[in-house]
Asks: 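One structure follows; several queries about it will come next.
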Number of protein chains: 2
Amino acid sequence: MRQRGITGAPATIRDVARQAQVSVATVSRALSSPNLVREETRERVLNAAAELGYQPNRAARGLITGRTGNLGIVVPDLDNPFFTGVLKAVQAAAVQADYSVFVADSDEDPVVEEKLVRTMAQQVDGLIVCSPGLSDAPLLEVAAKSSLVLLNRVLPDVPAALMNAANGIEQLVAHLAELGHERVAFLSGPDTSWSNTQRRNGLRAAAPKHGLTVTELGPYPPRYEGGVAAAEDVLGAEVTATIAYNDVMALGVLARLREEGVRVPEDMSLTGFDDLVFAGLCDPAMTTVAMPVREAGRLAVELLLAGPGEDDAPVRQEWLDTKLVVRATTAPPR
Amino acid sequence: MRQRGITGAPATIRDVARQAQVSVATVSRALSSPNLVREETRERVLNAAAELGYQPNRAARGLITGRTGNLGIVVPDLDNPFFTGVLKAVQAAAVQADYSVFVADSDEDPVVEEKLVRTMAQQVDGLIVCSPGLSDAPLLEVAAKSSLVLLNRVLPDVPAALMNAANGIEQLVAHLAELGHERVAFLSGPDTSWSNTQRRNGLRAAAPKHGLTVTELGPYPPRYEGGVAAAEDVLGAEVTATIAYNDVMALGVLARLREEGVRVPEDMSLTGFDDLVFAGLCDPAMTTVAMPVREAGRLAVELLLAGPGEDDAPVRQEWLDTKLVVRATTAPPR
DNA sequence: TTGAAAGCGCTAACAC
DNA sequence: GTGTTAGCGCTTTCAA
């Protein structure tokens, strides 16, 4: 993949050493610990390296240092903007710290997920796992051997970047109560998902405080079609507002409701979670809870790079706030 | 990142060799070229490896074979579903072939893009580049030294996976003409973008055949805000239909037009490009040209893995068809 | 401040 | 079929 002049073979540290009239050890030092070589020597080495277009071979370096210079991230679905938002932040933070990033997409399949996590763990210095489907045991096992950070999932002694849906939900419930709603539906996502549990529990806790009664429906697939299916159930539920597990699902509900002649928000208020771009672009624009996707990605990388810390330091599981975004799908009930 | 029993150190090929009572060479063979060892021996090795949880060190293997087992992809924006669609397909195809994939996001900055391409080229066996902004010279330079495939961009002697916008445009123009439109606007994306040029030229070629007059407006940033800005110009252009550079931009146009009290499609037909999910979810649902994102990703990996082929074999630059998707933003002019 | 040399874990000749 | 051994390109003792 690299080349030295006409020969076609990439320049190695020996080529640089020869060109600069020094030993390979000196070249290595000039590049990795500049303060260990005389200024003039370093300059000679740097020039030689530049002339030959020398790039240290990362595999060789990794072999000896034990570090790869890579981070990894496993996500369930690259088509979901929520995860690509995290990915974008992760990759930006990684580049900043001179790491490269591997991605793997499990397509929401727990079996594939486990395989990907295991495979990846051995090629990276740290791994970020966003996998609602994977069970605890394999995750804990990998975490014991590798440097791993969980995103939106809590496991004992595993560092994690967490989005605190509870405070967004608190705001959401207050908002609906203030509009005058009393009976709302919650459209559940996958049972196994930590996020779904967190949202459901947050709702259960917040609703009574504001005099709201919650009807839990589902679970439904956390996708557009899931929302379409859920819309049927909503119509039979005698509620004036519907809280969908996420934005994509809410969009499905919106479409189906419209087909049924149910107007949003006049006949039914509707909200989502995530605040994906198109939540602001659909019509009517969606009231939703914004998740700190960017910050979470950045935080995950930070936790990874910070390493385990002192032996007795507590494992870092850090919470990020979420926030209600009021748009046009919520209004007073009729 | 790996571990052997209590010691904490990962098992190496020597540990396996000892455990299986064979030489390291035999272990290596049993794992990489099973047909070179006796069945019984192989089994012993495999058992030992499993017992120790042995995973070959890829850096060491790469050092000697010269191959990394990694592919890379550089995209301008992971927030754009067009690129994550490609990424998703790339990663699926890569895993299939037992490769891992690196991603890098240049944030549409040509300088960053060049740096990423160069850095990545040396850590992978093949690189997929989707970068509208990067100029030809550095790409050709990297292509000369590395195995590189271009996505939606043509450069001499560089393999490429290309989406043939022309046939989607042909259908689009025919559709508009059939509805009775005679004057249409084209909202241009970035001047430097190969895709934009291709779309613009396709339109210039197809329009006369169907009696359409095209007014070219822009360039505008290929984002939502770009569309919002463009909408102003559209209103002054005396056209009955507007063809936006892409879906995201079309969405901006749609929103602004609505604010102005211009109804789509009654007062103005509107189309996009890409057929992103939300093109089907917005209201009214967008008529657009679907790009074969999945197929292109798969093809790019295929081209990479196929390698350069015979010395005199022509470089493969393969075209994929695009297709008009008629939804609700197009109608006869008033 | 520099050089010589010993490996990191693995594969690929080359012998047997 | 299997073992011995020489490196792949680099970092890091240890001496000088």
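Labels below follow one simple rule: chain letters A, B, ... track the order of the sequence lines, proteins then strands, and each chain is numbered from 1.
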Asks: Go through the structure and list residues passing side-chain contact (heavy atoms from CB on, under 4.5 Å) with B:R29, not counting sequence neighbours.
Replies: B:A25, B:T26, B:L36, B:V37
Asks: Grab the two heavy atoms, one from A:A17 and one from A:S23, that are nearest each other, plus how far apart they are.
Replies: CB-C, 3.8 Å
Asks: Given atom CG of B:L52 and atom P of C:dG9, what is their separation to the nearest angstrom?
Replies: 14 Å
Asks: Mark up nucleotides 11-16 of chain D, 5' to 3', with B wherever a protein heavy atom is under 4.0 angstrom from a base atom, S wherever such an atom reaches only the sugar-phosphate, and - elsewhere.
Replies: BBB---
Asks: Any chance CG of B:D98 has more than 12 other-residue heavy atoms, nucleotides or ligands included, within less than 6.0 Å?
Replies: no
Asks: Rounded at 0.5 Å granularity, tell me how far CZ in B:R298 sits from CG in B:L303.
Replies: 12.5 Å
Asks: Report the distance from atom CD of A:Q55 to atom P of D:dC10, rounded to the nearest whole Å.
Replies: 11 Å
Asks: Strictly below 4.0 Å: does A:S23 bring a side-chain N or O up to OP1 or OP2 of C:dG3?
Replies: yes
Asks: Which heavy atom of A:Y54 sits nearest to which heavy atom of A:I13, and what is that distance?
Replies: CE1-N, 3.5 Å
Asks: Between B:R38 and D:dT2, does any side-chain N or O lie under 4.0 Å from OP1 or OP2?
Replies: yes
Asks: Which heavy atom of A:Q21 sits nearest to which heavy atom of A:R44, and what is that distance?
Replies: O-NH2, 3.8 Å
Asks: What is the distance from CD of A:E39 to C1' of C:dT2, rounded to the nearest Å?
Replies: 16 Å
Asks: Take atom CD of A:E40 and atom P of C:dT1, then tell me their distance rounded to the nearest Å.
Replies: 12 Å
Asks: Could you give the CZ-to-P distance, from A:R58 to D:dC8, as a whole number of Å?
Replies: 22 Å
Asks: What is the separation between atom CD on A:Q123 and atom P on C:dG9, rounded to the nearest whole Å?
Replies: 17 Å
Asks: In whole angstrom, what separates B:Q21's CD from D:dT2's C1'?
Replies: 14 Å
Asks: Which of these, A:D105, A:T84, A:D79, sits in a side-chain hydrogen bond (donor to acceptor under 3.5 Å, both in side chains) with B:K88?
Replies: A:D105
Asks: Does a side-chain heavy-atom distance below 4.5 Å link A:R153 with A:C130?
Replies: no
Asks: In degrees, rounded to 10°, what is the bend between the two ends of the helix from C:dT1-D:dA16 to C:dC16-D:dG1, using five pairs at each?
Replies: 40°
Asks: Could you point out which residue of B:L71, B:V301, B:V75 forms a side-chain contact (heavy atoms from CB on, under 4.5 Å) with B:V90?
Replies: B:V301
Asks: Rounded to whole angstroms, how far apart are CG on A:N57 and C1' on C:dC10?
Replies: 14 Å
Asks: Check the phosphate of C:dT1 against A:T41, side-chain N and O only, distance under 4.0 Å to OP1 or OP2. Yes or no?
Replies: no
